Engineer: 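Below is one structure. I have some questions about it.
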Number of protein chains: 2
Amino acid sequence: MVDRSSGVPIHRQIAAALRERIITGEYAPGSKLPSEQQLIEAYGVSRGTVREAVQVLEVDGIVLVEHGRGVFVRPSANIVRLARSRLSRAARAKNEGAFLADAKAQGFAPSSSVRVRFEHADERAAGLLAIQPGDEVTVRDRVMRANGLVVQLAVSRLPREFTRGTAIEQVDTGPGGAYARLEEAGHHIGRYGEDVGARMPTTEERSQLQLPPGTPVLTITRIAYREDGTPLEMNDMTLPADRYRLGYEWAAE
Amino acid sequence: MVDRSSGVPIHRQIAAALRERIITGEYAPGSKLPSEQQLIEAYGVSRGTVREAVQVLEVDGIVLVEHGRGVFVRPSANIVRLARSRLSRAARAKNEGAFLADAKAQGFAPSSSVRVRFEHADERAAGLLAIQPGDEVTVRDRVMRANGLVVQLAVSRLPREFTRGTAIEQVDTGPGGAYARLEEAGHHIGRYGEDVGARMPTTEERSQLQLPPGTPVLTITRIAYREDGTPLEMNDMTLPADRYRLGYEWAAE
DNA sequence: AAGTGGTCTAGACCACTAG
DNA sequence: TAGTGGTCTAGACCACTTT
């Protein structure tokens, strides 16, 4: 079963063999792999070696290891497509923020909890919001859920001068969300910019988003600009990469 | 140094301690962490335990482990921002394709190698290109390099009816790239759409892109539409997530 | 209680890198 | 050659899940 003289580490050979069986469907999505004890006997190796093999598959995001239950072929998650064009006045007019608009369009049961705080802008925030480091910003920290599951983290920062006296400084921003309040205050949004990247989650994010090992997160920094080009808001969003794809579209010229 | 009764696994405690020293800068980017032997003595644990601790940091993408050399704090890679708006006729007029335009704007020395082949459309390609499964498509397989390093993989597919008799079926598409040839053939591009996601790389991608463990890839599927809405090209791109961020911008309405 | 994976130890030998 | 990480073994005890 294993070639001990090939130079290829045994645990890699075992991982490759298991991967093969998963790809061919012999081990179907959701099904249980042989236990460590069974693999030890099947391949005639020590426990440490089979654990290394399984770990390779876990890091690659192919299997899920559950303490006390076993190792399972990871079922492919439902992919949600977020069309960024939905960030429209039309949706706000229907009493919905960007997240609600996106989620409902996908058939979710969305909910979110918010914490509001105030802080002094760091270098990055100041740069993106075109203010001075140390200037006061209103921070809205949101945890968004769909069907009870945490699916998105968002930290929104606005120069406090734009939020003072508005519902943006409250937990409940009212109908249409923060963007609607900004427009009521005379700050009409002219453009959006988004900056998209991906990285491995921090340990904290991994537990908040209930991410299995081997799952990256998408990070989006969205900046909303007033019609005169002044930045009104920056929003740092974190999404599990196995559940989201982002859609963008633009005219050729 | 470690609390053996806290319930927190020792290797996690060690990983947390090392992470802390990295974040505070005590171990600067690029610098060497203590060797396994030193960690064994410092924390009074077995080798397996310190190796587990280091592995946590490696999977999190915080350190790089080099056989025979040591463990190093991963230097933050230079982030390249790709502004999708650069995909313009203006750039093509200057004799550059999308990748060259992007790369030069960032001060790269770009190069790329291409392989052309023909295949029959699978379900996904047929759906995205609005053709029938089995219809012939022209496939351009590109490996893009910057300063010699592989930085991007791209697989472009076009319905063959649009490429027959054009330089798109050659390795060298000529000045302005494939899009310029399409326009010459009367297929004027009206819109672009991109679909962005992230995942862990396959083993093959990891070696092609020389990715360290713990680095995800960004996947972009771009579709170019003719002015009448007909899909002309789909392009599956794979980029190392530690080196790229994608920029998008659009008007509020 | 039985079966599963999680953690830890102690020791061995090998492969790669550097001086 | 010395030091580093890579692989593998054998055994122990623990924590979680299921019956």
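Bear in mind that the values here come from a model prediction, so they are computed numbers and not experimental data. Each chain gets a letter, A, B and so on, in the order its sequence line appears, and its residues count up from 1.
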Engineer: Looking at side-chain heavy atoms only, is the closest gap between L158(B) and V137(B) below 4.5 Å?
Structural biologist: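 They are not in side-chain contact.
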
Engineer: What is the first contacted nucleotide of DNA chain D and what is the last, in 5' to 3' order, if contact means an atom lying under 4.0 angstrom from a heavy atom of chain B?
Structural biologist: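 Counting from the 5' end, contacts occupy dG3(D) to dT7(D).
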
Engineer: So do the side chains of L18(A) and L57(A) get within less than 4.5 Å of each other, counting heavy atoms only?
Structural biologist: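 When only atoms from C-beta onward are counted, L57(A) and L18(A) do touch, with a gap below 4.5 Å.
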
Engineer: With a 3.5 angstrom cut-off on both distances, give the Watson-Crick or G-U wobble partner of dT4(D), or none if there isn't one.
Structural biologist: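 Result: dA15(C).
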
Engineer: Any Lys/Arg nitrogen of D242(B) or R74(B) sitting under 4.0 Å from an Asp/Glu carboxylate oxygen of the other?
Structural biologist: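 No salt bridge links D242(B) with R74(B).
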
Engineer: Counting only heavy atoms and a strict 4.0 angstrom limit, can you tell me which residues of residues 47-66 of chain A come near DNA chain C?
Structural biologist: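 Residues of residues 47-66 of chain A under 4.0 Å from DNA chain C: R47(A), R51(A), V65(A), E66(A).
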
Engineer: Once you apply a heavy-atom cut-off of 4.0 Å, does R4(B) come out as touching a base, just sugar-phosphate, or nothing?
Structural biologist: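 The answer is sugar-phosphate, as R4(B) gets under 4.0 Å only of primed atoms, P, OP1 or OP2.
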
Engineer: Kindly check if the number of other-residue, nucleotide or ligand heavy atoms within 6.0 Å of CZ (R12(A)) is above 12?
Structural biologist: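 At most 12 heavy atoms, drawn from other residues, nucleotides or ligands, come within 6.0 Å of this atom.
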
Engineer: What's the CG-C1' distance between L39(A) and dG3(C), to the nearest Å?
Structural biologist: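 For the pair L39(A) CG and dG3(C) C1', the rounded distance is 14 Å.
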
Engineer: Can E205(B) and R199(B) be counted as an ion pair, charged N to O under 4.0 angstrom?
Structural biologist: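 Here E205(B) pairs with R199(B) in a salt bridge, since their nearest N and O are under 4.0 Å apart.
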
Engineer: State whether S35(A) places a side-chain N or O below 4.0 Å from either non-bridging phosphate oxygen (OP1 or OP2) of dT4(C).
Structural biologist: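 Looking at the OP1 and OP2 atoms of dT4(C), one of them is under 4.0 Å from a side-chain N or O of S35(A).
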
Engineer: Which sits closer to the 5' end of DNA chain D, G68(A) or H11(A), going by the nucleotide each is nearest to?
Structural biologist: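 The 5'-side residue here is H11(A).
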
Engineer: Looking at R117(A) and D141(A), is any side-chain nitrogen of the basic one under 4.0 Å from a carboxylate oxygen of the acidic one?
Structural biologist: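 Judged by the 4.0 Å cut-off on N to carboxylate O distance, D141(A) and R117(A) do form a salt bridge.
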
Engineer: Rounded to whole angstroms, how far apart are CZ on F72(B) and C1' on dC16(C)?
Structural biologist: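 The distance from CZ of F72(B) to C1' of dC16(C) comes to 13 Å, rounded to the nearest Å.
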
Engineer: Do you know the tightest heavy-atom contact between H11(A) and A53(A)?
Structural biologist: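 Smallest heavy-atom distance, with atoms named: O-CB, 3.3 Å.
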
Engineer: Does the distance from a Lys or Arg side-chain N to an Asp or Glu carboxylate O, for D236(A) and R157(A), drop under 4.0 Å?
Structural biologist: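 A salt bridge is present here (some side-chain N lies under 4.0 Å from a carboxylate O).
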
